[in-house]
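Report on one structure; see the data block that follows.
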Protein chains: 4
Amino acid sequence: MKAKITEHSVRLFEKKGFSETSIQDIVDSIGVTKGTFYYYFSSKEELLMDIHFRYIDELLKHQEKIFRDETKSYKQKLYDIILMLLSNIKSQGASAKVFFREMQNLSEERLSQIIPKRDQFRFNIQAILEEGIKKGEFRQDLNAEIVTFGILGIANWSYEWFNPEGSMSEKEVTDIFVEMFLKGIERD
Amino acid sequence: MKAKITEHSVRLFEKKGFSETSIQDIVDSIGVTKGTFYYYFSSKEELLMDIHFRYIDELLKHQEKIFRDETKSYKQKLYDIILMLLSNIKSQGASAKVFFREMQNLSEERLSQIIPKRDQFRFNIQAILEEGIKKGEFRQDLNAEIVTFGILGIANWSYEWFNPEGSMSEKEVTDIFVEMFLKGIERD
Amino acid sequence: MKAKITEHSVRLFEKKGFSETSIQDIVDSIGVTKGTFYYYFSSKEELLMDIHFRYIDELLKHQEKIFRDETKSYKQKLYDIILMLLSNIKSQGASAKVFFREMQNLSEERLSQIIPKRDQFRFNIQAILEEGIKKGEFRQDLNAEIVTFGILGIANWSYEWFNPEGSMSEKEVTDIFVEMFLKGIERD
Amino acid sequence: MKAKITEHSVRLFEKKGFSETSIQDIVDSIGVTKGTFYYYFSSKEELLMDIHFRYIDELLKHQEKIFRDETKSYKQKLYDIILMLLSNIKSQGASAKVFFREMQNLSEERLSQIIPKRDQFRFNIQAILEEGIKKGEFRQDLNAEIVTFGILGIANWSYEWFNPEGSMSEKEVTDIFVEMFLKGIERD
DNA sequence: AATGAATGAGAATTCATTCAT
DNA sequence: GATGAATGAATTCTCATTCAT
């Protein structure tokens, strides 16, 4: 039941927004009453926190698997992370939108448990870049921090437009994106 | 007074969110009464619409100036648009966040007035890419549509992290971003 | 202008009700601003009072003319009053509805200026009956007070259903009503 | 609790009018909070609708009992309906006033559920007249439709003046009214 | 005579939350 | 585990009225 509530909530939060979705909306969508909600969650914010944790923990888990894989080149690791993010949209796109858009609805205290994880995800990418520079896979003069923000931008923005049901696959889009930032778009 | 209300609202909406900001919050921040708000706006949503229009119209105006400038190369046009977006953050960053985050709070009908403008901004970038490909500035095999989403992602995501008061200037960040997607990060 | 405001108000009050009609509605229907309204009326209630006075004074004026006409029989006087009320609907039907329905929106003090006039109208009918009884036009055993309420009911209720634009004329309806209460509907 | 709210509301609506009575007034009169009101009614208008239904359904039920009674003459049926309406004042007078005066506060859609019932009440009286004419109880030349409006006027208007606590009983008034429209007031 | 800006009190309604059962 | 009744605080919005110009 708790999982059911969470899943329905994510869908509603994505469509209408956290504040615009009432507990009533949530329980109506499942066919239970408000009492049931409060049996499983002590507050609406706790539910939001739950959604945040589920999302970011899952993402970090996947990322760190890629990150630690010593058989892969650094380019490949970047590729795999982008692909992972894009593939994630189908099952977790709604969660992702809620994650980015509704973070402000968490209290200071709760935010402070989420932000380090979000940052960790970024730092991992930055570390890949830095290692790759050191090992000669990437250009020596890169500003790894800013480039990381660039790569994250490319990937995260796809939540705004990429349709997993559309004519292009996750892999095709990833290919284009990775070629774009690896080789550049300028004609040689 | 109308402009004053709009400005204060943008700041509050950015900080707390549209739904979390009450009309009372807005008028308190100015020192007038609720009646005054409703003298100038017929609803909270109308105010949000106003903010959306101000933002996107301003952006399109700047973009089209760059777009139409025949003295510039296509690379330069991309550069100028990125720089324009980053420079925009200082004065319009709050509006931008509200624009992207709170769009869902507009009614269907109102959204349909905004979305074509937002799309226009993207199509203009895509057109620059397509022209540049034709003229030999960019690689022949580019998928202009997806690359446009990539570039937009890089630029738009900067609203999430770029601090105009920080140690890096808009120009420095733009240089890094443009070099990233023009030349690629891979070591030759 | 004052008359114009009153006329438009009556129409709006009839259609939407006194409380549901705002000063804004009234001035919008004329094309002036609220200031203008308050130049002519000190309050919304004063306007309502004005409407009440116009209506009841006009009615009393007509009634007393009939009442005092010594050439007419008492039956004829009743006939004329019914006809006057029905004919009144075309031009004053809206005022009449406002008069009966919105009286409660007047303060105690203002009500006390209206109620005696309304009662006067009724007493005049009752007086016609009493005189007619004395003079042998009507049955000796009538309860004039209650019968007056009956006649008033017949006439006043027509404001709820009689359509002056419809297929029946005021005169036709009056004929039916007067025959009804003079001769009765029972078959001899 | 729902019934309690309805009862208190009727009394308040009658005294002060629907629009002039706030939800706060209603809940204060019972000693609960506004939330309670909205637990039972989705809007103020729904409450008004409830009151309308209760009133007209009750009335129709009583009327149809009289209407269908084959042991009674048609004169007797008219008598019984008038008596029923007058007797109704004591317990339902407030509802009746609200019914007639506040009908305009219902939406088009809701009105369309009430008006047929109100009309049904009238048609039933008209049918009694028509049958009575056919069976020779009433005069052959009657205009049943208009006479029905006359009888309804007599009865409905009594809600404006009849005081069930006063010196005259419902039966006495009914006697006067029925004699008035059966035998006429004219001296033979 | 008329306007436009502003007020402030109060309106209906929503909603997260509590709690006895 | 789950329900239904109730709360109370906050929210958007309305509106009669005032007043300087």
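Per chain, numbering begins at 1; letters A, B, ... match sequence-line order.
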Counting Watson-Crick and G-U wobble pairs whose two distances are both under 3.5 Å, find the runs of 3 or more in a row that involve DNA chain E. E:2-21 with F:2-21
Nucleotide E/dA16, atom P - distance to CE of A/M49 in whole Å: 19 Å
From CG of B/L47 across to P of F/dC13 the rounded distance in Å is 11 Å
If you draw a 6.0 Å radius around NZ in A/K90, do more than 12 non-hydrogen atoms from other residues or ligands fall strictly inside? no
Counting distance only, does the side-chain N/O of C/K97 pair as donor-acceptor with the main-chain N or O of C/V10 below 3.5 Å? no
Please check: side-chain N/O of B/E45 versus main-chain N/O of B/L106, any donor-acceptor pairing under 3.5 Å? no
What residues in residues 98-109 of chain D put a non-hydrogen atom under 4.0 Å from any atom of DNA chain E? none
I need the CG-C1' distance between B/L48 and F/dT12, as an integer number of Å. 15 Å
Of C/Q24 and B/Q24, whose nearest nucleotide on DNA chain F comes first from the 5' end? B/Q24
How far does CD of A/Q113 sit from CD1 of A/I56, to the nearest 0.5 angstrom? 13.5 Å
Classify the side chain of A/K2 and the base of F/dG1 as holding, or not holding, a donor-acceptor pair under 3.5 Å. no
For D/E102 and D/G17, which heavy atoms make the closest approach, and how far apart are they? OE2-CA, 3.4 Å
For the rings on D/W157 and C/F100, is their centre-to-centre separation under 6.0 Å? yes
Find the distance A/D28:CG to F/dG4:P and express it as a whole number of Å. 12 Å
Can you tell me the distance, in whole Å, between the NZ atom of D/K34 and the P atom of E/dG10? 12 Å
Comparing nearest nucleotides in DNA chain E, the 5'-proximal residue of the pair C/T33, D/I23 is C/T33
Ignoring hydrogens and geometry, is there a side-chain-to-backbone donor-acceptor pair from A/D25 to A/S22 under 3.5 Å? yes
Tell me which of C/T21 and D/G35 sits closer to the 5' end of DNA chain F, going by the nucleotide each one is nearest to. D/G35
What is the separation between atom CD1 on D/I26 and atom C1' on E/dG10, rounded to the nearest whole Å? 15 Å
Could you check which residues of residues 36-46 of chain A get a heavy atom under 4.0 Å from DNA chain F? Sort them by number, please. A/T36, A/Y39, A/Y40
Where do D/Y38 and D/S43 come nearest, in terms of heavy atoms and distance? CE2-CA, 4.0 Å
Minimal non-hydrogen separation, B/Q104 against A/E14, with atom names: OE1-O, 4.1 Å
Under 3.5 Å side-chain donor-acceptor pair for D/Q92 and D/N88: no
To the nearest Å, how far apart are C/K16 NZ and F/dT14 P? 12 Å
Is the B/F99 ring parallel, tilted or perpendicular to the B/Y55 ring (thresholds 30°, 60°)? tilted
